[in-house]
Colleague: 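Let me begin by handing over the structure; questions about it come next.
These numbers were taken from a predicted model, which means no experiment stands behind them.
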Amino acid sequence: MLTKDMEKRIDEWIDSHEEEYLRDLGKLIAVPSVAKIGVAEGEFPFGENSAAALKTAKDLAESYGFKVENRNNFCLVANVGEGEEKVGILGHLDVVPCGNDWNFPPYELTLHDGMITGRGVLDDKGPLWASVYSVRCLKELGLLPRRAVEIFMGGDEECGMEDIKYYRAHSEKLPVVSFTPDGRYPVCHGEKGIMRFSLMIPNENSNIKSLTGGTVRNVVADHAEMVLTGVSFAKAAEALVGKERISLVEEGDKVRVVATGAAVHASTPDRGVNAIGVLASAVLEAGLATGGGRAALEFIARVNSDCHGAALGVPLADEPSGALTHVGGVIKTAGDKFDLTIDIRYPVTADGDVIFKTISDTVAPFGVTLCNLTDSKCIYTPAQSEVIKTCMETIDSVFHREGWTPYTMGGGTYARNMPSAYALGPKDPDAESPYGPYRGSIHQPDETTTVKLLMDTAKVYARLLIRLDELEF
């Protein structure tokens with residue numbers, strides 16, 4: 001049972017280790033651990049940078065006295081405690097690409113005015129390491145729970161979660177309950193289904209020679225480019241004058257049209273600006289595309305005209321999780337077609353198989369086909385369950401926030417791959433970015449958070465690990 005004296009000792013330990021925590025976190029931020037898409041053969045399944053982050057984390061965790069296993073550079077597994085049952089902490093060390101327009105060094109921990117900036121400080125290196133420190137705190141204070149604690153540190157969360165699939169396949173016993181510090185406060189009791197596929201869009205007899213945009217499929221594209229032939233620079237400049245977020249580059253007898261957008265996570269696309277849609281609409285309205293290129297842009301603009309499934313024939317919503325969202329995150333030229341990736345987050349009461357068939361039927365009249373389908377089914381636990389109530393009480397003991405209630409989300413975390421798993425923190429839903437819109441949050445330039453938020457996250461996890469002893473799973 002967690003007592004007031006225990007809470008006091010936990011808080012004092014974590015506060016006294018703040019400087020050391022930031023120093024260790026800085027070592028992790030310094031690794032540009034963008035994972036490569038897919039699983040490569042050999043020593044580095046997600047690339048050398050992902051593996052380098054795992055090595056750095058292993059060295060740090062072992063220096064705390066943790067027993068750590070590197071599972072073939074898919075993930076790290078750290079074990080603390082001796083119980084037969086295990087509680088899991090699930091975090092990741094890979095990050096999304098930095099993109100453009102940072103004011104701070106992305107791979108350097110910058111401390112200023114009680115805030116820290118750098119890629120991964122919020123998603124997910126900062127919160128993961130706060131959780132590691134929570135376990136270290138309990139270990140050094142002699143307060144470890146009766147269940148052992150197993151900390152999973154992945155190297156591929158952003159690009160497919162092959163890391164946790166490998167972990168599951170190579171674990172004799174899984175934790176009876178797990179939490180991932182990779183959402184927002186207070187606690188997520190449901191995650192939408194995540195469906196991804198490619199739309200292959202015809203571009204025959206076209207003057208569009210190339211079309212590229214976006215960096216990863218789960219981020220709204222902040223940049224897109226198109227190369228046109230058969231159009232003079234002067235004509236293109238005249239036709240596109242006054243178009244927002246559009247610029248031109250003359251390249252001999254060709255014209256490169258460039259669009260800028262605003263990157264946000266694919267689960268909240270209405271907060272961003274999709275450069276692919278901006279580019280398609282601008283060139284289409286200017287009348288610069290010919291042949292099959294015009295029809296292709298009409299389709300691409302149509303898909304990007306909303307972000308709640310209407311253009312794809314699936315404008316769905318439910319009470320627990322809200323509306324379906326969709327994003328055309330990456331586009332590239334593939335022979336005489338354009339390959340547009342689609343990321344869909346569908347409601348927790350919806351059927352993914354029905355959604356996919358409806359979309360296939362909707363796009364077929366345009367000559368568009370679908371391929372490379374993946375569908376990660378939704379998870380849902382009632383907010384009234386004992387484990388969610390315990391989480392809420394524990395969070396309230398640290399944050400004391402009125403109005404915080406359990407929520408569902410469109411983001412996909414490791415929780416959907418584990419039994420009895422939940423996202424808990426770390427993002428403060430009431431906080432505003434100090435840098436304005438489209439900057440400072442996860443997957444954005446100048447990713448930032450406060451030191452206090454991460455220290456409070458460590459306090460929440462330390463308390464929760466003890467309080468879970470009161471529950472059976």
Colleague: Which residues pass the side chain to side chain donor-acceptor pair (under 3.5 Å) test with Tyr461, sequence neighbours left out?
Modeller: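 Expected list: none.
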
Colleague: Are the aromatic rings of Tyr422 and His189 close, with centres under 6.0 Å apart?
Modeller: no

Colleague: Quick one: salt bridge (Lys or Arg N to Asp or Glu O under 4.0 Å) pairs with a partner in residues 9-32, sequence neighbours left out?
Modeller: Lys8-Glu12, Asp11-Arg463, Asp15-Lys459, Glu20-Arg136

Colleague: Taking salt bridge (Lys or Arg N to Asp or Glu O under 4.0 Å) as the definition, give me every residue that meets it alongside Asp375, ordered by chain and number, with sequence neighbours left out.
Modeller: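 Expected list: Lys377.
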
Colleague: List the atom pairs, donor and acceptor, that lie under 3.5 Å between side-chain atoms in residues 307-323 and the rest of the protein, sequence neighbours left out.
Modeller:
from, atom 1, to, atom 2, distance (Å)
His308, ND1, Leu324, O, 3.0
Asp318, OD1, Ser321, N, 2.9
Asp318, OD1, Ser321, OG, 2.6
Asp318, OD1, Gly322, N, 3.4
Asp318, OD2, Ser321, OG, 3.3
Asp318, OD2, Val348, N, 3.3
Asp318, OD2, Thr349, N, 3.0
Asp318, OD2, Thr349, OG1, 2.7
Ser321, OG, Val348, N, 3.0

Colleague: Which pairs, with at least one residue in residues 167-187 and sequence neighbours excluded, count as a salt bridge (Lys or Arg N to Asp or Glu O under 4.0 Å)?
Modeller: Glu84-Lys173

Colleague: Return the set of residues passing salt bridge (Lys or Arg N to Asp or Glu O under 4.0 Å) with Glu158 (not counting sequence neighbours), or none when no residue passes.
Modeller: none

Colleague: Quick test of your reading: applying side chain to side chain donor-acceptor pair (under 3.5 Å), list the pairs with at least one residue in residues 322-333, sequence neighbours left out, ordered by first then second residue.
Modeller: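 For residues 322-333: none.
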
Colleague: Let me have the donor-acceptor pairs involving side chains of residues 142-153, under 3.5 Å, with sequence neighbours excluded, atom names and distances please.
Modeller:
from, atom 1, to, atom 2, distance (Å)
Arg146, NE, Asp469, O, 3.4
Arg146, NH2, Asp469, O, 3.1
Arg146, NH2, Glu472, OE2, 2.9
Arg147, NE, Glu85, OE1, 2.9
Arg147, NH1, Leu468, O, 2.8
Arg147, NH1, Leu471, O, 3.4
Arg147, NH2, Glu85, OE1, 3.4
Arg147, NH2, Leu471, O, 2.7
Glu150, OE1, Lys86, NZ, 3.0
Glu150, OE2, Lys86, NZ, 3.3
Glu150, OE2, Tyr167, OH, 2.5

Colleague: Are Arg71 and Glu69 ion-paired here, with the side-chain N under 4.0 Å from a carboxylate O?
Modeller: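 The answer is yes: the pair qualifies as a salt bridge.
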
Colleague: With Lys125, which residues qualify under side chain to side chain donor-acceptor pair (under 3.5 Å), at least two apart?
Modeller: Ser33

Colleague: What I want to find out is whether Asp343 reaches Arg217 closely enough, with some N-O distance under 4.0 Å, to be called a salt bridge.
Modeller: no

Colleague: Sort and list the pairs that fulfil salt bridge (Lys or Arg N to Asp or Glu O under 4.0 Å) and have at least one residue in residues 422-434, not counting sequence neighbours.
Modeller: Arg401-Asp428, Arg401-Asp430

Colleague: Hey, could you give me each pair passing ring-ring contact (aromatic ring centres under 6.0 Å, His included) that has a residue in residues 87-113? Not counting sequence neighbours.
Modeller: Phe104-His112, Phe104-Tyr435

Colleague: Partners of Ser376 by side chain to side chain donor-acceptor pair (under 3.5 Å), sequence neighbours excluded?
Modeller: Arg416

